[in-house]
Amino acid sequence: MALSKEERILEFVLKNAVRGDPDSVVDTIDRYCSSKEWAMNVGNEKGLILDKIVKETNPSVLVELGTYCGYSAVRIGRLLKPDARFFTLEVNPKFADVARQMLEFAGLKDKVQILEGATYDIIPQLKKKYEVDTLDFVFVDHWKDQYKPDTLLLENCNLLRKGSVILADNVIVPGAPDFLKYVRTCGKYDCTNYLSHLEYMNEDDALEKAVFRG
Ligand SMILES: Cc1cc(-c2n[nH]c(CCNC(=O)c3cc(-c4ccc(F)cc4)cc(O)c3O)n2)ccn1
Ligand SMILES: [Mg+2]
């Protein structure tokens, strides 16, 4: 059976990156996806904005919605303090398998927990099953029509507290208009837009930061 694009990315990393070096894994994925095959990683331009916001937040408990190949899980995981708890949610078993190997190669296996399943099934389990109280940081990068319902679910599961940071990718392309309208007009968030470009392309895209007012 031929390799999937995600498996080709992983193979390129296993061959060309340095085991245990998250920065080399990130750079190697970016090199592959900018020169050989486009893929929906957050990429380096938006990735540098993500890095800055993660460093400013210095989160202890965080969740990522949409793991894909694990690019942003490696990017975020490499910045976390030793006792941080980081869950990344992935519904596609093939993506989860590639991401598991990517994180292991990067040396972040014990820092990042991949939870397989749909966000709407897992988010309600975070408190009891995964012993989460509230979340310091949420990176939203999954199905764009799920951004708003899952934000509401995070609120209703009491997983957000005053100052919880939600950072959403792709609010221009592919876009998440209902999410953007909600966080900007519901009165519960302080929002900031970070204009950038779609990964590996010249097309405009942006990240939206929404800080929960509590
Ligand atoms: C737990 C759970 C997890 C998921 C889940 N896991 N992984 C994903 C991937 C989602 N990401 C995207 O679709 C996406 C698309 C584009 C894009 C595509 C084509 C274009 F032409 C232009 C831009 C760019 C991006 O940056 C994206 O992130 N969803 C889904 C549900 N539940
Ligand atoms: Mg994205």
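Residues take their numbers from the sequence shown, with the count starting at 1.
- Counting heavy atoms from C-beta outward, Ile166 and Val183 have side chains that stay 4.5 Å or more apart.
- Looking at Glu208 and Arg184, a side-chain N of the basic residue comes within less than 4.0 Å of a carboxylate O on the acidic one, giving a salt bridge.
- Taken from NZ in Lys15 to CG in Leu10, the straight-line distance is 10.5 Å, to the nearest 0.5 Å.
- Here the CD-CG distance, from Glu116 to Asp121, works out to 12.5 Å after rounding to the nearest 0.5 Å.
- Hydrophobic cluster membership is shared by Leu152 and Leu154, with clusters built from Ile, Leu, Val, Met, Phe, Trp and Tyr side chains linked at under 4.5 angstrom.
- Residues Lys209 and Asp190 are not paired through a salt bridge, judged by the lack of any N-O separation under 4.0 Å between the basic side chain and the carboxylate.
- Under a hydrophobic clustering in which Ile, Leu, Val, Met, Phe, Trp and Tyr are joined whenever their side-chain heavy atoms come within less than 4.5 Å, directly or via other members, Ile76 and Tyr130 fall into different clusters.
- Atom NZ of Lys52 has 12 or fewer neighbouring heavy atoms from other residues, nucleotides or ligands inside a 6.0 Å radius.
- Glu56 CD: more than 12 foreign heavy atoms inside a 6.0 Å radius.
- Both Leu79 and Tyr71 belong to a single network of hydrophobic side chains, linked directly or stepwise wherever heavy atoms of I, L, V, M, F, W or Y lie under 4.5 Å apart.
- Pro59 is listed as a side-chain neighbour of Val54, based on a closest heavy-atom distance under 4.5 Å.
- Phe179 meets the ring-ring contact (aromatic ring centres under 6.0 Å, His included) test with Tyr147; sequence neighbours excluded.
- Using a 3.5 Å distance cut-off with no hydrogens or angles, the side chains of Asp30 and Tyr200 do pair a donor with an acceptor.
- A distance-only check finds no donor-acceptor pair linking the side chain of Thr88 to the backbone of Ala73 [under 3.5 Å].
- Taking the ring-ring contact (aromatic ring centres under 6.0 Å, His included) definition, one finds that Phe137 meets it with nothing, sequence neighbours left out.
- Transitive grouping of hydrophobic side chains (ILVMFWY, heavy atoms separated by less than 4.5 Å) brings Val26 and Val112 into a common cluster.
- Taking every heavy atom of both residues into account, Ala39 and Cys33 meet most closely at CB-SG, 3.7 Å.
- Taking each heavy atom of Asp133 and Leu159 in turn, the nearest pair found is O-CD2, 3.9 Å.
- Surrounding NZ of Lys127 are more than 12 heavy atoms belonging to other residues, nucleotides or ligands, all under 6.0 Å away.
- Between Asp150 and His142, the closest heavy-atom pair is OD2-NE2, 2.6 Å.
- Ser196 contributes atom OG, which lies 4.0 Å from atom CD1 of Ile49 (distance to the nearest 0.5 angstrom).
- A salt bridge is absent between Glu90 and Arg100: the closest approach of a Lys/Arg side-chain nitrogen to an acidic carboxylate oxygen does not fall below 4.0 angstrom.
- Here the side chain of Lys111 pairs a donor or acceptor atom with the backbone of Leu80 at under 3.5 angstrom.
- With rounding to the nearest 0.5 angstrom, the CG atom of Asp178 is 10.0 Å from the CD atom of Gln146.
- Between the side chain of Lys162 and the backbone N or O of Phe212 there is no donor-acceptor pair closer than 3.5 Å.
- Side-chain atoms of Ile123 and Leu65, non-hydrogen and from C-beta on, do get closer than 4.5 Å to each other.
- Tyr182 is not connected to Leu167 by any chain of hydrophobic side-chain contacts under 4.5 Å among Ile, Leu, Val, Met, Phe, Trp and Tyr, and they are in different clusters.
- By the 4.5 Å heavy-atom criterion applied to side chains, Asn158 and Thr134 are not counted as neighbours.
- Exactly one of Lys5, Glu7, Glu11 qualifies for a side chain to side chain contact (heavy atoms under 4.5 Å, CB included) with Val98. That residue is Glu7.
- At a threshold of 4.5 Å between non-hydrogen side-chain atoms, the residues Thr28 and Val18 do not count as touching.
- Distance OG/Ser60 to CG/Leu135: 11.5 Å, rounded to 0.5 Å.
- Side-chain polar atoms of Arg31 and Asn44 form no donor-acceptor pair below 3.5 angstrom.
- Other residues sharing a hydrophobic cluster with Trp143 under the 4.5 Å side-chain heavy-atom criterion for ILVMFWY residues are Val91.
- Two residues are said to be in side-chain contact when any heavy atoms from C-beta on lie closer than 4.5 Å; Tyr32 and Asn41 fail this criterion.
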*Just do the side chain to side chain contact (heavy atoms under 4.5 Å, CB included) check on Met102 and Ile9 with the steps written out, would you?*
CA-CA 10 Å; Met102 196 74 80; Ile9 295 169; 4.2 Å; yes
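- Ion pair Lys188/Glu155 flagged as a salt bridge, since at least one NZ, NE, NH1 or NH2 atom sits closer than 4.0 Å to an Asp/Glu carboxylate oxygen.
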_Residue pair Arg78, Asp51: steps toward the salt bridge (charged side-chain N to carboxylate O under 4.0 Å, His left out) verdict_ = CA-CA 10 Å; Arg78 84 196 208 284; Asp51 288 355; 3.1 Å; yes
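- Nearest heavy-atom pair, Glu199 versus Val42, reported as atom, atom and distance to 0.1 Å: CB-O, 3.7 Å.
- Pairing each heavy atom of Ala206 with each of Leu195, the nearest pair is CB-CA, 4.0 Å.
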*Could you go step by step and tell me if Met40 and Asp141 meet the side chain to side chain contact (heavy atoms under 4.5 Å, CB included) rule?*
CA-CA 10 Å; Met40 55 187 169; Asp141 193 21; over 6 Å; no
*Between Arg8 and Glu37, does a salt bridge (charged side-chain N to carboxylate O under 4.0 Å, His left out) hold up when you go through it step by step?*
CA-CA 9 Å; Arg8 292 194 292 270; Glu37 295 186 83; 2.7 Å; yes
*Run the numbers on Lys148 and Leu180 for side chain to side chain contact (heavy atoms under 4.5 Å, CB included), then give the verdict.*
CA-CA 8 Å; Lys148 181 182 173 186; Leu180 219 40; over 6 Å; no
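- Partner of Asp136 under the salt bridge (Lys or Arg N to Asp or Glu O under 4.0 Å) criterion, chosen from Arg161, Lys81, Arg85: Arg161.
- Residues Phe86 and Val63 share a closest heavy-atom pair of CE1-C, 4.3 Å.
- In this structure, Tyr120 and Pro149 have side chains that are not in contact, with every pair of non-hydrogen atoms separated by 4.5 Å or more.
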*Trace of the side chain to side chain contact (heavy atoms under 4.5 Å, CB included) decision for Thr192 with Val211*: CA-CA 9 Å; Thr192 312; Val211 181; over 6 Å; no
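- A distance-only check finds no donor-acceptor pair linking the side chain of Thr67 to the backbone of Ala96 [under 3.5 Å].
- For the atom pair OG1 of Thr151 and CG of Asn156, the computed distance is 10.5 Å after rounding to the nearest 0.5 Å.
- A 4.5 Å side-chain heavy-atom check between Leu126 and Cys157 finds every atom pair outside the cut-off.
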